Asker: 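Sharing a structure with you now.
Whatever order the structure lists ligands and atoms in, that order sets their numbers, starting from 1. As the structure is a prediction and not an experimental result, all values here were calculated from the model.
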Amino acid sequence: MIVDLALKSPMIHSPQSDKDLKALRFIEEMTRNVDFVQKKVIKEILSRNSETEYLKRFGLKGFTDRKTFKNKVPVITYDDIKPEIQRIANGDRSMILSSHPITEFLTSSGTSAGERKLMPTIEEDMDRRQLLYSLQMPVMNLYVPGLGKGKALHFLFVKSESKTPGGLPARPVLTSYYKSEHFKRRPYDPYNVYTSPNEAILCPDSSQSMYTQMLCGLLMRHEILRLGAVFASGLLRAIRFLQTNWQELVSDISTGTLSSRISDPGIRESMSKILTEPDQELADYITSVCCHDNNWEGVITKIWPNTKYLDVIVTGAMAQYIPMLEYYSGGLPMACTMYASSESYFGINLKPMCKPSEVSYTIMPNMAYFEFLPHEDAPERTELVELADVEVGKEYELVITTYAGLYRYRVGDILQVTGFYNSAPQFKFVRRKNVLLSIESDKTDEAELQKAVENASSMLLEEQGTRVIEYTSYADTKTIPGHYVIYWELLVKDQANPPSDEVMAKCCLEMEESLNSVYRQSRVADKSIGPLEIRVVKNGTFEELMDYAISRGASINQYKVPRCVSFTPITELLDSRVASTHFSPALPQWSPERRR
Ligand code: AMP
């Protein structure tokens with residue numbers, strides 16, 4: 001059988017191995033038979049789950065076809081199935097959503113009532129995810145030859161996890177994967193050799209984990225052919241870590257001994273085989289690259305000169321980091337290889353070396369049953385469209401039905417169809433619905449921001465007679481870690497006594513306390529978001545903002561204050577009117593346990 005992917009692309013290297021050939025053939029088969037595979041998937045899901053409490057409720061009467069399914073089963077959001085999820089979390093083992101036992105919950109970075117959403121998963125889902133992973137390198141090998149001759153420096157981390165009252169683990173999907181036997185006992189594959197030992201990846205202390213992963217990366221710098229993290233924000237954090245810790249890392253390299261800050265016995269044991277002797281030459285070289293204060297341009301290529309590309313997602317909210325990655329890497333290509341979520345993994349990028357602005361993901365029809373809600377139309381009146389029937393150029397919201405028991409579930413992602421590969425549509429990730437602010441995996445929507453502003457102002461300002469009359473926000477990612485900036489225009493009762501810096505700082509913290517658990521976890525445990533900042537602007541600033549919008553064509557009747565701004569002339573206008581700035585003085589409350 002001819003592998004069309006190789007023939008249709010302009011690059012192109014032939015498949016590197018039988019394994020690659022098999023994977024590429026699988027992609028061909030899936031993409032040629034999208035509708036057939038989707039029909040099979042929904043049939044399988046409905047027949048195996050026909051006796052579940054959820055499906056029985058809608059009287060499918062044993063029908064497993066798409067038409068009946070669509071007629072009888074409603075399109076839902078998380079809040080619609082929260083009671084069922086809660087019962088499973090509390091220990092109800094009856095067949096509520098799935099006939100297969102729910103083995104754990106994957107904690108999504110999307111939230112409901114301030115807490116991470118819990119996505120059910122069943123044991124076999126791990127195989128489905130593994131299958132999608134196994135397609136990435138065979139595709140990449142078509143574009144970048146020789147990757148099997150070197151290693152990958154991939155910064156991978158586990159995050160804290162908890163147990164539901166009924167005893168099921170609740171953790172992020174990647175934590176679940178890295179802790180699984182699939183990952184820990186993965187068979188040797190020359191195209192997937194990481195420099196980071198498993199002990200470092202699995203260490204719950206992210207600082208020890210990062211230190212070790214960076215040290216290994218430095219020690220093996222010439223062997224590294226690709227460098228990455230899951231999201232762009234993660235790779236930038238690693239660079240930031242190097243900037244602030246290079247002297248200690250250099251000291252370890254020059255003495256051949258591991259810093260005492262590493263207390264994890266597993267890491268110490270594994271590093272005893274990697275850091276075996278002093279290497280003064282390497283230590284001197286790293287020093288020569290890092291000692292130039294504030295000149296970090298091209299640091300990635302200087303330290304890892306054989307890097308062929310950055311393996312990192314820069315689509316969606318991560319696009320804001322592209323300029324910084326370009327600066328640090330001297331313009332290396334950035335490969336966005338996969339599109340996935342806690343609910344299900346979706347698809348891969350068949351042209352991983354394309355420009356970030358051209359990335360399209362091809363959904364693999366075997367992963368779940370996919371439907372598409374046309375984005376422009378009013379949802380009540382709209383028919384959902386099949387995967388095979390979406391139209392090029394149109395935007396849709398993704399709706400999925402999974403083996404683990406989500407039925408017609410709105411994921412909240414807006415995708416645009418860019419074209420087809422065989423009969424499989426390809427999608428550009430446009431945006432996440434309703435997300436205002438995002439630094440890394442946090443997603444803050446308008447209602448959450450509004451509530452945070454209200455809480456802070458009513459608790460701390462109102463008694464002094466001060467009110468927030470307008471506000472907007474901005475995700476400041478110019479520094480690492482990035483942080484939320486909230487612009488406030490105040491109505492101060494006693495002009496001679498505006499709120500003190502102390503009160504305003506408390507407002508910052510109170511806002512943080514009001515934000516969702518993913519935000520607070522990123523602040524407290526992951527340290528991937530910096531302290532929230534309030535910039536108080538002079539009176540009349542928001543009127544000027546409106547004047548500016550109207551001068552650019554906005555209708556005066558319909559003008560609404562944007563609750564988030566990113567357009568440079570607007571942020572410049574706001575910044576030029578700042579009267580005072582204030583930062584959160586402490587960390588908000590966060591623990592892995594859920595609040596309710
Ligand atoms: P989570 O369930 O927390 O893992 O988050 C999944 C969400 O992350 C998806 O629904 C998307 O909104 C976003 N996401 C995942 N992969 C990508 C990607 N390749 N490009 C842009 N956004 C992505």
Side-chain angles (χ1 to χ4, degrees), residues 77-78 85 104-112 115-121 125 129 132-133 135-136 139 157-159 161 170-178 228-235 310-322 334-352 354-364 367-368 370 372 395-400 402 404 406 409-416 418 426-445 516-519 521-522 526 528:
T77 63
Y78 185 78
I85 299 272
E104 61 180 300
F105 282 109
L106 303 177
T107 53
S108 158
S109 56
T111 52
S112 161
E115 295 292 328
R116 286 172 178 270
K117 292 175 185 166
L118 295 177
M119 296 301 165
T121 186
D125 282 337
R129 293 193 277 269
L132 205 66
Y133 283 128
L135 306 178
Q136 290 177 304
V139 174
F157 300 92
V158 292
K159 291 198 178 186
E161 60 179 84
R171 52 194 179 183
V173 60
L174 289 174
T175 299
S176 164
Y177 176 62
Y178 300 145
V230 180
F231 288 116
S233 52
L235 185 52
L310 303 180
D311 199 339
V312 77
I313 290 177
V314 288
T315 42
M318 292 295 139
Q320 60 191 334
Y321 297 107
I322 293 171
M334 296 170 210
C336 301
T337 53
M338 200 191 231
Y339 170 42
S341 78
S342 319
E343 291 91 333
S344 168
Y345 279 19
F346 305 127
I348 54 170
N349 178 359
L350 296 179
K351 288 189 183 159
C354 69
K355 285 195 221 134
S357 57
E358 287 164 11
V359 172
S360 288
Y361 298 101
T362 306
I363 289 183
M364 286 293 129
M367 300 304 292
F370 299 97
F372 295 84
E395 286 189 5
Y396 299 90
E397 183 184 339
L398 182 62
V399 175
I400 55 163
T402 68
L406 297 176
Y409 176 90
R410 292 172 73 162
V411 174
D413 288 349
I414 308 294
L415 309 176
Q416 185 187 38
T418 54
Q426 303 186 294
F427 296 92
K428 178 182 170 163
F429 182 93
V430 180
R431 64 188 170 85
R432 178 102 188 157
K433 251 179 63 186
N434 299 334
V435 171
L436 215 55
L437 289 164
S438 175
I439 297 289
E440 52 132 42
S441 55
D442 55 303
K443 300 173 173 71
T444 297
D445 68 23
N516 65 50
S517 75
V518 181
Y519 174 89
Q521 178 174 0
S522 303
D526 309 339
S528 51

Asker: Of all the non-hydrogen atoms in the protein, which one sits nearest to atom 20 (N) of ligand 1, and at what distance?
Answerer: T315 OG1, 2.6 Å

Asker: Applying a heavy-atom cut-off of 4.0 Å, say which part of I313 lies close to ligand 1: side chain, backbone, both or neither.
Answerer: side chain

Asker: Centroid-to-centroid, F427 to F372, below 6.0 Å?
Answerer: yes

Asker: Going by the order shown, which atoms of ligand 1 are within less than 4.0 Å of some heavy atom of S342?
Answerer: 1 (P), 2 (O), 3 (O), 4 (O)

Asker: Show the atoms of ligand 1 that are less than 4.0 angstrom away from any heavy atom in R432.
Answerer: 9 (C), 10 (O), 12 (O)

Asker: Does a donor on one side chain and an acceptor on the other come within less than 3.5 Å for K117 and T107?
Answerer: no

Asker: Regarding S108 and E343, is there a side-chain donor-to-acceptor distance under 3.5 Å anywhere?
Answerer: no

Asker: Hey, does M338 come in under 3.5 Å of ligand 1, counting only N/O atoms on both sides?
Answerer: yes

Asker: Given that the side chain starts at C-beta and the backbone is N, CA, C, O, which of these parts of M318 lies under 4.0 Å from ligand 1, counting heavy atoms, or is it both or neither?
Answerer: neither

Asker: Could you tell me which non-hydrogen atom of S438 sits nearest to which non-hydrogen atom of V435, and how far apart they are?
Answerer: CB-CG1, 4.3 Å

Asker: Looking at the rings of F346 and Y339, which for Trp means the six-membered one, are their centres under 6.0 Å apart?
Answerer: yes

Asker: Output yes when the distance from some N or O of ligand 1 to some N or O of Y339 is under 3.5 Å, and no in every other case.
Answerer: no

Asker: Strictly under 4.0 Å, does any heavy atom of A340 approach an atom of ligand 1?
Answerer: yes

Asker: In terms of side-chain geometry, is the basic nitrogen of K159 or D526 positioned less than 4.0 Å from the acidic oxygen of its partner?
Answerer: yes

Asker: Provide the number and element of each atom of ligand 1 under 4.0 Å from a heavy atom of S109.
Answerer: 1 (P), 3 (O), 5 (O)

Asker: Assess whether atom NZ of K433 is packed by more than 12 heavy atoms of other residues, nucleotides or ligands within 6.0 Å.
Answerer: yes

Asker: For atom 6 (C) of ligand 1, what's the nearest protein heavy atom and its distance?
Answerer: S341 CB, 3.5 Å

Asker: Donor-acceptor check, side chain of D442 to backbone of E440, threshold 3.5 angstrom: yes or no?
Answerer: yes

Asker: If we only consider heavy atoms of Y361, is any one of them less than 4.0 Å away from an atom in ligand 1?
Answerer: yes

Asker: How far is atom 11 (C) of ligand 1 from its nearest protein heavy atom, and which residue and atom is that?
Answerer: D413 OD2, 3.2 Å

Asker: Are the aromatic ring centres of Y133 and Y177 under 6.0 angstrom apart?
Answerer: yes

Asker: Could you tell me whether T107 and ligand 1 have an N or O pair separated by under 3.5 Å?
Answerer: no

